Enquirer: 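This structure is in structure tokens; I'll ask about it shortly.
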Amino acid sequence: MSTHSNHPYHLVDYSPWPLTGALGTMTTVAGLVSWFHHYNMILLTVGTLITLLTMFQWWRDISREGTFQGLHTFPVTIGLRWGMILFILSEVLFFVSFFWAFFHSSLSPSVELGTNWPPAGINAFNPFQIPLLNTAILLASGVTVTWAHHSLMENNHSQATQGLFFTILLGVYFSILQAYEYIEAPFTIADAVYGSTFFVATGFHGLHVLIGTTFLTVCLIRHLNFHFSKNHHFGFEAAAWYWHFVDIVWLFLYVSIYWWGN
């Protein structure tokens, strides 16, 4: 590809990764259905492997474009910023639907629920045990990712590395605690509307924590390879925005579902 152009914008080269990503996602979903109904994980494993390979190679190409080929010019970066802002806005609306379902059911519990919230027979979690610890963990991770960001803007490579490392560590710790909470849960997703709204809302948030942890891990690898500078680090900035969004959603989840909804 010629590096010469008469405009500052980036026209993406032909790439197989959108196609392989779509195939991997479709195979993964079909594999989940096969696993749920036939307890067969072969298709799920194949789909997950295709998706992971696509992610690795697609992110590799984007890192090359932004770091070595110099294709992420200032106008391109502005477009990427707006894209990330709109993506996070769509994620906000995604979680609004879960909160809507929760408050719709909790503010006027039906007769089938015993006109109680939580419904009769549901033993809700104590909000001052694991949920409170997880809240402290995510708030601390928000501090460490901000520390990493400010260190990066000050060209302090070692402190940026430390901040990113501790953020990832806290994200992994949060996921482990949430998995333990699910294992020990006294109710399931099949236990009335409380179980479904609780597990869908907190489960999707947990998925976002895993995605954000992966996002930050990729940023740490890139940072260790000196891909970022004080003036050119939107990849990390986007990960930090996403992580702060995850923090804020958890605060709403904790206050509404764990504390008020209890």
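The structure presented is a predicted model; accordingly, all values stated were derived computationally and were not measured. Computed over heavy atoms, backbone and side chain alike; hydrogens, waters and symmetry mates excluded.
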Enquirer: For the pair Asp191 (side chain) and Thr188 (backbone), establish whether a donor and an acceptor sit closer than 3.5 Å, ignoring hydrogens and angles.
Expert: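 The answer is yes, because a donor-acceptor pair under 3.5 Å joins these two groups.
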Enquirer: Between Phe187 and Phe125, does a side chain to side chain contact (heavy atoms under 4.5 Å, CB included) hold up when you go through it step by step?
Expert: CA-CA 10 Å; Phe187 56 90; Phe125 288 105; 3.8 Å; yes
Enquirer: Any donor-acceptor pair under 3.5 Å linking the side chain of Ser196 with the backbone of Val193?
Expert: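 Yes; at least one donor-acceptor contact below 3.5 Å.
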Enquirer: Could you grab the distance from atom CD1 of Ile211 to atom CG of Leu216, nearest 0.5 Å is fine?
Expert: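 Ile211 atom CD1 to Leu216 atom CG measures 12.0 Å (nearest 0.5 Å).
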Enquirer: Under 6.0 Å between ring centres: does that hold for His227 and Phe236?
Expert: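 Ring centres of Phe236 and His227 not closer than 6.0 Å.
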Enquirer: Please check: side-chain N/O of Ser34 versus main-chain N/O of Ala30, any donor-acceptor pairing under 3.5 Å?
Expert: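 Judged by distance alone, no pair lies under 3.5 Å.
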Enquirer: Tell me whether His233 contacts the main-chain N or O of His149 through its side chain, where contact means a donor paired with an acceptor under 3.5 Å.
Expert: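 No.
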Enquirer: Can you confirm if the aromatic rings of Phe234 and Trp241 lie within a centre distance of less than 6.0 Å?
Expert: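 Close enough - the centres of the two rings lie under 6.0 Å apart.
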Enquirer: Which label fits Trp260 and Phe102: parallel for a plane angle under 30°, tilted from 30 to 60°, or perpendicular past 60°?
Expert: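 The arrangement is perpendicular - the two ring planes meet at more than 60°.
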Enquirer: Has His150 got a side-chain atom pairing as donor or acceptor with Val145's backbone, closer than 3.5 angstrom?
Expert: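 No, the answer is negative, given that no donor and acceptor are paired below the 3.5 Å cut-off.
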Enquirer: Does Gly47 offer a backbone N or O that forms a donor-acceptor pair with the side chain of Thr28 under 3.5 Å?
Expert: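 Between the backbone of Gly47 and the side chain of Thr28 there is a qualifying donor-acceptor contact (under 3.5 Å).
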Enquirer: Excluding sequence neighbours, so at least two apart, what forms side chain to side chain contact (heavy atoms under 4.5 Å, CB included) with Thr202?
Expert: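 Result, side chain to side chain contact (heavy atoms under 4.5 Å, CB included) vs Thr202: Gln178, Tyr182, Phe198, Tyr258.
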Enquirer: For His104, is the NE2 atom crowded, meaning more than 12 foreign heavy atoms sit under 6.0 Å from it?
Expert: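 No, because the 6.0 Å sphere around NE2 of His104 holds 12 heavy atoms or fewer from other groups.
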Enquirer: Does Phe56 CZ have over 12 foreign heavy atoms under 6.0 Å away?
Expert: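 Atom CZ in Phe56 is not packed in, count stays at 12 or less.
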Enquirer: Would you check if the distance from the ring center of Trp117 to the ring center of Tyr194 is below 6.0 Å?
Expert: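 That pair passes the under 6.0 Å test.
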Enquirer: Check which hydrophobic residues are tied to Leu43 through side-chain heavy-atom contacts below 4.5 Å, counting indirect links as well, and list them.
Expert: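 Its cluster partners, ordered by chain and number, are none at all.
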Enquirer: Can you get from Val255 to Leu253 by hopping between Ile, Leu, Val, Met, Phe, Trp and Tyr side chains that sit under 4.5 Å apart?
Expert: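 Linked within one cluster.
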Enquirer: Given the side-chain rings of His205 and Phe98, with only the six-membered ring counted for Trp, is the space between their centroids under 6.0 Å?
Expert: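 Ring centres of Phe98 and His205 not closer than 6.0 Å.
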Enquirer: Can the ring centroids of Phe99 and Phe94 be said to lie less than 6.0 angstrom from one another?
Expert: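 No, too far apart.
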Enquirer: Residues two or more places apart in sequence or in another chain: which of them pass salt bridge (charged side-chain N to carboxylate O under 4.0 Å, His left out) with Glu237?
Expert: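 By the salt bridge (charged side-chain N to carboxylate O under 4.0 Å, His left out) rule, Glu237 matches Arg81.
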Enquirer: Would you please name every residue forming a side chain to side chain contact (heavy atoms under 4.5 Å, CB included) with Trp17, sequence neighbours left out?
Expert: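 Ser15, Thr20, Thr54, Gln57, Trp58, Arg60, Asp61.
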Enquirer: Under the side chain to side chain donor-acceptor pair (under 3.5 Å) test, which residues partner Thr144, sequence neighbours left out?
Expert: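 In terms of side chain to side chain donor-acceptor pair (under 3.5 Å), with neighbours along the sequence ignored, Thr144 is linked to Thr167.
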Enquirer: Under the rule for side chain to side chain contact (heavy atoms under 4.5 Å, CB included), what residues qualify as partners of Asp247, not counting sequence neighbours?
Expert: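 In terms of side chain to side chain contact (heavy atoms under 4.5 Å, CB included), with neighbours along the sequence ignored, Asp247 is linked to Leu138, Ser141, Trp243, His244.
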